[in-house]
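The structure displayed is predicted, hence computed values, not measured ones. So that the names make sense, note that chain A is the first sequence line, chain B the second, and so on, each numbered from 1.
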Number of protein chains: 2
Amino acid sequence: MAEKDMRERIKEVAVEHFNSNGYHGTTIRNIAKDVNCSLPMIYYYYNNKKELFDEIIKREYFDLLKRQTALLETNNVIDFYTKFVYDLNFLSNYDKKVYRLGIKVYLSFDGDEELMEIMDEWEKTILPRHYQILKPYLKNADNDIAIVRTLVHLLETLIESIVVKNRFLPEEEIREEISIVLRGCE
Amino acid sequence: MAEKDMRERIKEVAVEHFNSNGYHGTTIRNIAKDVNCSLPMIYYYYNNKKELFDEIIKREYFDLLKRQTALLETNNVIDFYTKFVYDLNFLSNYDKKVYRLGIKVYLSFDGDEELMEIMDEWEKTILPRHYQILKPYLKNADNDIAIVRTLVHLLETLIESIVVKNRFLPEEEIREEISIVLRGCE
DNA sequence: ATATAATTCTAACGAACGTTAGGTAGAAAA
DNA sequence: TTTTCTACCTAACGTTCGTTAGAATTATAT
């Protein structure tokens, strides 16, 4: 009915389609069919296909990432990171699909150069951020950075398992793996 | 000129295109243009687009994986896994692209259900295989399986960095991270 | 030399694509 | 009440897609 309704519904269906079929495999016609609106309706709210895709990544995905990183930290790093990962299990289906789509662009499996650059800039902030979080708990200085790097690498796979492969990861398994990497820091 | 030449050239160019543009973004016409042959030539060697894609995954990718896992193991696990990952830096461009394409299908970012099932079956063999390799070096039985799982997860990210993100990982960094996970097993 | 088979081509098919032109119906503003 | 504007539509544009029919060329076998 109202403007925002339709615009939002189009975006939701688009996330679904881009997710299942990729950018090239997604057609405006199929989106329109699932939204139950006419084809040009989509051009009424979005200038073209690419703009629709870009809005999902630039707004939805990065909003999600920022929401995610704004989580409170506890006084126990292992608890903190376990919760961080475990909570991903309970993201809404929409958020999971947006996240998945973002990772797809991040791995340059979809999207274009422009989006990749945005991803690269975000990536640069990851290591320093986690180094700040872990700093108080790291003891011996010789391999501190390697530990942070290893943890971030592990987190990447865990996130991929939940969001991309759509698996449920039990809290205990997450905790075990994070504990192995952070063994000695607590 | 000879049959095999052309068939192989088509496949090589196809790997390139599927890699850059995905299944749907790749067109037979563009492949033909880069191979410098006519369009129906591709249908002479491959029944259709999907068969061409499938051959790359089913033959090229899994051949590569099997070649990869057939590596000799040394008497030092950290050396072994470090070499295993580090050597990926020096894969041929063709092999890297095949690998990347396989991971794309593995993450169900491309391909279809049938290919996904093959991937799933392969995945089931991963943990047991590494457990066998690591078994002699694992000491305390309480979190043995978790250590293997964590290592496999770490390897996944390292492989992705090299093959998917196309980065060069220095041997020292790889060794550091593997050592952190395998701390205590040597 | 001639017949057969393998390799490659030109040309076109129908279908689907992204996109746009131009209109209708109803609400809001005048 | 008339006008203007917003939300939506039907219909079509030109292009490109996967695929094929059918013929030309080249190599092989007889």
Which residue lies toward the 5' end of DNA chain D, A:Met41 or B:Pro40, if each is placed at its nearest nucleotide? A:Met41
Of the candidate nucleotides D:dT19, D:dC9, D:dA12, which contains the atom at the shortest distance from the side chain of A:Arg29? D:dA12
Atom-pair distance (CD1 on B:Ile28; P on C:dA12), nearest Å: 21 Å
Taking atom P of D:dT19 as reference, at what distance in whole Å does atom CG of B:Asn47 sit? 10 Å
Between atom CD1 in B:Ile42 and atom P in D:dC17, what is the gap in whole Å? 12 Å
Interatomic distance, A:Asn48 CG vs C:dC17 C1' [rounded to whole Å]: 14 Å
Reckon A:Thr27 touches a base, only the sugar-phosphate, or nothing at all at heavy-atom distances under 4.0 Å? sugar-phosphate
When rounded to whole Å, the CZ to P distance for the pair A:Arg7 and D:dT6 reads 16 Å
Separation of A:Tyr44 atom OH from C:dA21 atom P, in whole Å? 16 Å
Starting from P on D:dG18, measure out to CZ on B:Phe53 and report it in whole angstrom. 14 Å
Under a 4.5 Å cut-off applied to non-hydrogen side-chain atoms, are B:Phe62 and B:Ile118 in contact? yes
Which nucleotide in the set D:dT19, C:dT19, C:dT7 lies at the smallest distance from any side-chain heavy atom of B:Leu39? D:dT19
Within the pair A:Tyr45 and D:dA7, is there a side-chain N or O less than 4.0 Å away from OP1 or OP2? no
Start with the C-alpha gap between B:Glu117 and B:Trp122, add the side-chain angles, then the distance that decides, and say whether side chain to side chain contact (heavy atoms under 4.5 Å, CB included) holds. CA-CA 9 Å; B:Glu117 272 172 36; B:Trp122 172 267; over 6 Å; no
Let me check something: any side-chain donor-acceptor pairs from residues 11-18 of chain B under 3.5 Å, sequence neighbours excluded? List them with distances.
residue: B:Lys11; atom: NZ; partner: B:Glu55; partner atom: OE2; Å: 2.9
residue: B:Lys11; atom: NZ; partner: B:Glu60; partner atom: OE2; Å: 3.0
residue: B:Glu16; atom: OE2; partner: B:Lys97; partner atom: NZ; Å: 2.5
residue: B:His17; atom: NE2; partner: B:Asp34; partner atom: OD2; Å: 2.9

Does a side-chain N or O of A:Tyr43 approach OP1 or OP2 of D:dC8 to a distance below 4.0 Å, or not? no
A:Lys83/A:Asp87 ion pair, N-O < 4.0 Å: yes
Here the gap from B:Asp5 atom CG to B:Glu8 atom CD, rounded to the nearest 0.5 Å, amounts to 8.5 Å
Roughly, in whole Å, what's the span from NE2 in B:His24 to C1' in D:dC17? 12 Å
